[in-house]
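All remarks here apply to the structure that follows.
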Amino acid sequence: MAVIATTLLSGCAKSRLSYPEAPQEGVIDTYFGLEADDRFRPLENDTAASTLAWVEAENKVTRSYLDAIPFRGKIASRLTELNNYVKRGLPSRMSDDGKYYFYENDGLRNQSVLYRSSTPEGKDREVFLDPNTLSDDGTVALTGVSQSKDGKYTAYTISRSGSDWTEIYLMDTATGKLLPDHIEWAKFTGADWDSESQGFYYSAYPRPEAGKEFSNANENHLVMYHKVCTPQSEDKVVFSDPANPLHFHSAHITETRPEFLVSIGGQGVGNALKLKRGNEWITMSPDQDYTVMPIDVIGDKIYLFTSYGAPKNRIMVADINRPQRENWKELIPEGDGVLTSASFSGDRLFVTWEKDAAEQVTIHGLDGRQTGEIKLPGYGTIGLSVDRKHPEDVFYAFTSFTSPSAIYRFDPATGESSLMYETEVKDVDFDEYVTEQVFYPSADGTKIPMFLTYKKGLKRDGSNPVYLYGYGGFNVSLTPGFSANRMFMLENGVIYAQANLRGGSEYGEEWHQAGTKMNKLNVFNDFISAAEYLVKEGWTSPEKLTIEGGSNGGLLVGATVNMRPDLFKVAFPRVGVMDMMRYHLFTIGWNWAPDYGTSADSPEMAKYLLGYSPLHNIRNDGTPYPAIMVTTADHDDRVVPAHSFKYAAALQAADTGDAPKLIRIDSKAGHGAGKPISKVIDEYADIYSFMFHNLGLEPK
């Protein structure tokens with residue numbers, strides 16, 4: 001069924017590739033009188049023989065193209081070198097067993113190993129759990145670990161091949177012996193132990209239809225209770241809501257009290273919150289209009305992180321005997337920056353703030369007054385590890401674009417930090433690079449922040465290649481962070497630009513709302529304006545500009561390429577939401593409606609979505625498009641591969657010029673989380689090879 005590409009690469013070949021013929025039907029959907037062409041609907045059936053044959057043929061075309069790039073092997077070799085360094089995580093306590101636990105990867109292991117030690121430095125460490133032993137190819141990822149309150153049992157969660165489906169296993173903490181307990185079809189959950197260490201709570205869906213595990217809509221999320229050493233069939237439902245099948249439910253267990261809390265989300269920008277006391281359910285926060293997350297329960301007080309009455313978030317306190325929202329009291333008010341998280345260390349509350357997309361940490365007493373701060377070295381992202389029972393243990397990790405994660409111990413009494421572990425990356429001089437933050441105007445005049453990282457001495461003469469990355473949605477903020485793979489671009493003279501678009505949380509809920517539903521075009525305009533700014537200010541030119549985004553960012557790339565194909569040379573829409581008319585019909589797609597709206601909402605919403613949906617707005621009039629490589633994976637049950645399948649098929653069928661339009665379909669992989677290092681290196685070797693080749697450059 002496929003016509004395999006015969007064009008081999010020779011310099012920057014102009015010959016148009018031949019692509020496989022995709023299965024199609026004459027499907028025209030109607031939304032409030034609007035017609036939407038969905039001729040590639042058969043590709044939604046990812047297990048159909050015709051789809052599998054198309055996938056095989058597409059991968060053959062893509063591999064023929066990429067493997068013919070003469071420097072791909074050298075790129076893969078250099079990426080392997082850059083990733084071959086020790087990566088250590090923060091130490092933390094999981095129970096009262098006196099042990100510290102931390103993850104470490106000694107270089108190129110597919111998955112990081114979980115160690116335990118009697119010291120936070122890990123001097124007498126021993127392997128506690130090695131996920132590399134759970135599969136032959138590293139595609140089983142350890143996604144979470146929790147211990148019973150007495151430390152006797154350890155529950156751990158895994159994901160297979162990048163799927164969102166979670167399995168839970170149980171082991172004896174002292175011996176490491178695996179117990180017979182095994183939980184399947186859990187999702188978006190950990191294992192939250194009860195105060196008696198007899199069992200744990202988790203969230204799961206009913207067993208899905210065979211053959212549709214990775215595509216059918218997920219409904220009726222249940223909070224379950226599992227008792228140690230019993231089969232899953234005996235687990236009890238402790239919370240369900242059949243009247244609202246599209247809600248998420250997750251349990252929050254109090255440390256010292258019999259009450260527990262259930263968070264309810266999925267169809268709003270925030271979540272509702274209920275408290276169970278005995279057999280009574282008490283509504284603390286009734287709607288999903290605000291984020292309400294329990295921080296901790298101390299005595300009769302429930303400490304809450306919330307956006308209620310505070311678009312940039314604040315900390316409030318509820319009395320456990322009068323927990324309704326109208327009785328809450330403010331502890332730490334909304335500030336200039338966005339309050340992003342809070343956690344207790346003894347009687348100290350460590351609060352993380354984000355200001356202009358970089359993080360800061362302040363310290364507060366139980367009365368809310370600030371008593372100190374952690375002084376950070378510059379633009380960056382911080383990770384905290386604190387324990388309420390052990391206030392002497394305060395650890396944090398700091399990372400930026402040009403500094404891999406370093407681990408510090410913090411002394412609250414003196415306010416001083418001491419370096420515990422410094423990451424070393426061989427053959428990289430980080431002093432050669434600089435990061436600066438700029439603010440540029442979007443189409444409506446709104447100032448948008450953007451980080452630029454590049455090699456010192458670079459000239460702004462319009463000749464520099466730029467790799468522009470964006471996301472712009474779901475209250476997700478893009479803060480500075482290190483990537484070994486990105487260092488390959490930087491050392492080859494590429495500027496890395498990271499734009500903080502509306503739709504994220506960089507400036508709170510108002511910034512988020514400014515990029516949702518009927519405001520979604522703001523996000524695309526912000527991204528286009530970033531590219532125009534980079535050209536205008538002499539950083540680059542359209543002939544040297546690459547854009548990338550994943551998931552919601554894949555939608556961003558697909559939409560902006562349709563809007564301004566002249567502005568970009570190379571584009572990577574990765575695991576993207578490309579069909580805005582039907583996204584809500586697959587797995588948890590319905591959960592994205594608060595950000596996007598749906599085609600069923602109203603005539604106005606349907607028209608707006610159809611106006612920018614990447615699948616439906618590909619030009620077919622000979623307008624030259626940039627070189628595009630779509631990426632997806634066969635086990636992506638977050639954004640199902642049908643999005644990328646249909647978009648790539650439509651792109652290849654349209655008249656968009658001679659630049660290649662490829663799709664890279666990974667196997668035994670999902671949306672991205674937990675992907676083994678070997679697969680990550682292989683993917684970025686393909687991405688960078690495709691980019692440099694289509695920019696007409698050969699990397700060192």
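Summarising the geometry, atom CZ belonging to Arg72 is positioned 5.0 Å from atom CG belonging to Asp682; distances are rounded to the nearest 0.5 Å. Summarising the geometry, atom CG belonging to Leu114 is positioned 8.5 Å from atom CZ belonging to Phe102; distances are rounded to the nearest 0.5 Å. Here the OG1-CE distance, from Thr62 to Met629, works out to 7.5 Å after rounding to the nearest 0.5 Å. Summarising the geometry, atom CG belonging to Leu79 is positioned 10.0 Å from atom OH belonging to Tyr684; distances are rounded to the nearest 0.5 Å. Atom CG of Leu615 sits about 9.5 Å away from atom OH of Tyr647, to the nearest 0.5 Å. To the nearest 0.5 Å, atoms CE (Met563) and CG (Leu521) are separated by 5.5 Å.
In this structure, Phe40 and Ala653 approach most closely via the heavy-atom pair CZ-CB, 4.2 Å. Scanning all heavy atoms of the two residues, the minimum distance from Phe71 to Leu697 falls at CZ-O, 3.7 Å. The nearest pair of heavy atoms linking Val557 to Glu548 is CG2-C, 3.5 Å. Taking each heavy atom of Val425 and Pro404 in turn, the nearest pair found is CG2-CG, 4.0 Å. Closest approach of Lys661 and Thr656 over heavy atoms only: CE-OG1, 3.2 Å. Between Ile168 and Tyr202, the shortest heavy-atom distance links the atoms CD1-CB, 3.8 Å.
At a threshold of 4.5 Å between non-hydrogen side-chain atoms, the residues Lys187 and Phe248 do not count as touching. Counting heavy atoms from C-beta on, the side chains of Ile618 and Tyr625 come closer than 4.5 Å. Within the 4.5 Å cutoff, no side-chain heavy atoms of Lys517 are placed close to those of Tyr608. Side-chain contact check for Asn552 versus Leu556: every heavy-atom pair is 4.5 Å or farther apart. Contact check for Asn220 versus Pro245: side-chain heavy atoms found under the 4.5 Å cut-off. A 4.5 Å side-chain heavy-atom check between Asn132 and Gln111 finds at least one atom pair inside the cut-off. A 4.5 Å side-chain heavy-atom check between Tyr65 and His693 finds at least one atom pair inside the cut-off. A 4.5 Å side-chain heavy-atom check between Leu555 and Pro614 finds at least one atom pair inside the cut-off.
The backbone N or O of Asp655 sits less than 3.5 Å from a side-chain atom of Asn620, completing a donor-acceptor pair. Side-chain N or O atoms of Thr139 include none that pairs as donor or acceptor with a backbone N or O of Ser161 at under 3.5 Å. No donor-acceptor pair closer than 3.5 Å links the side chain of Ser159 to the backbone N or O of Asp164. Side chain of Arg160 to main chain of Glu167: no donor-acceptor pair is present (N/O by atom type, distance under 3.5 Å, no hydrogens or angles). Between the side chain of Thr381 and the backbone N or O of Gly481 there is no donor-acceptor pair closer than 3.5 Å. Between the Thr423 side chain and the Ser405 main chain, a donor and an acceptor come within less than 3.5 Å of each other. At distances below 3.5 Å, not a single donor-acceptor pair connects side-chain atoms of Tyr19 with backbone N or O atoms of Leu651. One N or O on the side chain of Thr143 and one on the backbone of Thr157 form a donor-acceptor pair closer than 3.5 Å. Not a single donor-acceptor pair under 3.5 Å links the side chain of Thr598 to the backbone N or O of Ala593. Of the possible donor and acceptor atoms, one in the side chain of Lys87 sits under 3.5 Å from a partner among the backbone N and O of Gly107.
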Query raised in the report: Could you go step by step and tell me if Leu695 and Lys569 meet the side-chain contact (heavy atoms from CB on, under 4.5 Å) rule?
Result: CA-CA 7 Å; Leu695 291 178; Lys569 185 66 173 179; 3.8 Å; yes
Requested in this report: Test Val494 against Lys544 for side-chain contact (heavy atoms from CB on, under 4.5 Å), laying out the working first.
Outcome: CA-CA 9 Å; Val494 178; Lys544 299 293 184 183; over 6 Å; no
Requested in this report: Starting from the C-alpha separation in whole Å, work towards a yes-or-no answer on side-chain contact (heavy atoms from CB on, under 4.5 Å) for Phe645 and Val630.
Outcome: CA-CA 9 Å; Phe645 289 178; Val630 183; over 6 Å; no
**Report entry** Worked verdict on Tyr469 versus Leu478 for side-chain contact (heavy atoms from CB on, under 4.5 Å)
**Finding:** CA-CA 10 Å; Tyr469 179 82; Leu478 298 184; 3.8 Å; yes
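Ring pair His249/His221 is parallel by interplanar angle, where below 30° counts as parallel and above 60° as perpendicular. Ring geometry, Trp592 versus Tyr583: the interplanar angle falls under 30°, so the pair is classed parallel (tilted spans 30 to 60°). Note: Tyr156 and Tyr169 have parallel aromatic rings, judged against thresholds of 30 and 60 degrees for the angle between ring planes.
No salt bridge links Asp579 with Arg41; every basic N to acidic carboxylate O contact stays at or beyond 4.0 Å. With respect to Asp38 and Lys646, a salt bridge is recorded, a charged nitrogen being found less than 4.0 Å from a carboxylate O.
A donor atom on one side chain and an acceptor atom on the other are not found under 3.5 Å apart for Ser250 and Ser203. There is no side-chain donor-acceptor pair under 3.5 Å between His182 and Gln232. With 3.5 Å as the limit, one finds a donor-acceptor pair spanning the side chains of Asn485 and Asn83. Between the side chains of Thr560 and Asn562, not a single donor N or O lies within less than 3.5 Å of an accepting N or O. With 3.5 Å as the limit, one finds a donor-acceptor pair spanning the side chains of Asn110 and Ser678.
Under the side chain to side chain donor-acceptor pair (under 3.5 Å) criterion, Glu58 pairs with Trp54, Gln652, not counting sequence neighbours.
Here Phe690 and Phe572 bring their ring centres to under 6.0 angstrom of each other. Checked against the 6.0 Å centroid criterion, the rings of Tyr596 and Phe474 qualify as a close aromatic pair.
Residue Glu56 places its CD atom among 12 or fewer non-hydrogen atoms of other residues, nucleotides or ligands, all under 6.0 Å distant.
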